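Some notes on the structure that comes next.
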Amino acid sequence: MSKAHRGVGLRKTPNHSRGTCPVCKTTGIKVIYEYELDGNKVKICKFCKAKFKNDARRAPKPAPAETPAAENAASEASA
């Protein structure tokens, strides 16, 4: 299995992909994960990537819209 976020691939990047995370402002950390933030693609650290992923997972799911068949049955029952 490939390990894209360590090794030779990172040694070829400037400063071995180390820098400051634009989200948490941590310095000297690997910023290798692309994320779209405010319409711009930025590179973030793995901790911020996990935070965004967990926040999306924990977000409440939208309620399913009623189907037209259920609406028709409800209107026929009241008539």
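Along the sequence shown, residues are numbered consecutively beginning with 1. Source: prediction; values computed, not measured. What you see below is based on every heavy atom in this structure, not just the backbone, and it leaves out hydrogens, waters and symmetry mates.
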Next on the checklist: Count I, L, V, M, F, W, Y as connected when their side-chain heavy atoms are under 4.5 Å apart, and connections chain through other members. Are Val31 and Tyr35 then in the same cluster?
Outcome noted: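 Result: no, two separate clusters.
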Item to check | Which atom of Ser17 lies closest to which atom of Thr13, heavy atoms considered | outcome: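 Closest approach of Ser17 to Thr13: OG-OG1, 2.7 Å.
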From [atom1] ([X]) to [atom2] ([Y]), nearest 0.5 Å:
{"X": "Cys21", "Y": "Lys43", "atom1": "SG", "atom2": "NZ", "answer": "12.5 Å"}
{"X": "Asn15", "Y": "Lys30", "atom1": "CG", "atom2": "NZ", "answer": "12.5 Å"}
{"X": "Ile44", "Y": "Ile29", "atom1": "CD1", "atom2": "CD1", "answer": "10.5 Å"}
{"X": "Tyr33", "Y": "Phe47", "atom1": "OH", "atom2": "CZ", "answer": "9.0 Å"}
{"X": "Leu37", "Y": "Cys48", "atom1": "CG", "atom2": "SG", "answer": "9.5 Å"}
{"X": "Arg18", "Y": "Ile32", "atom1": "CZ", "atom2": "CD1", "answer": "9.0 Å"}

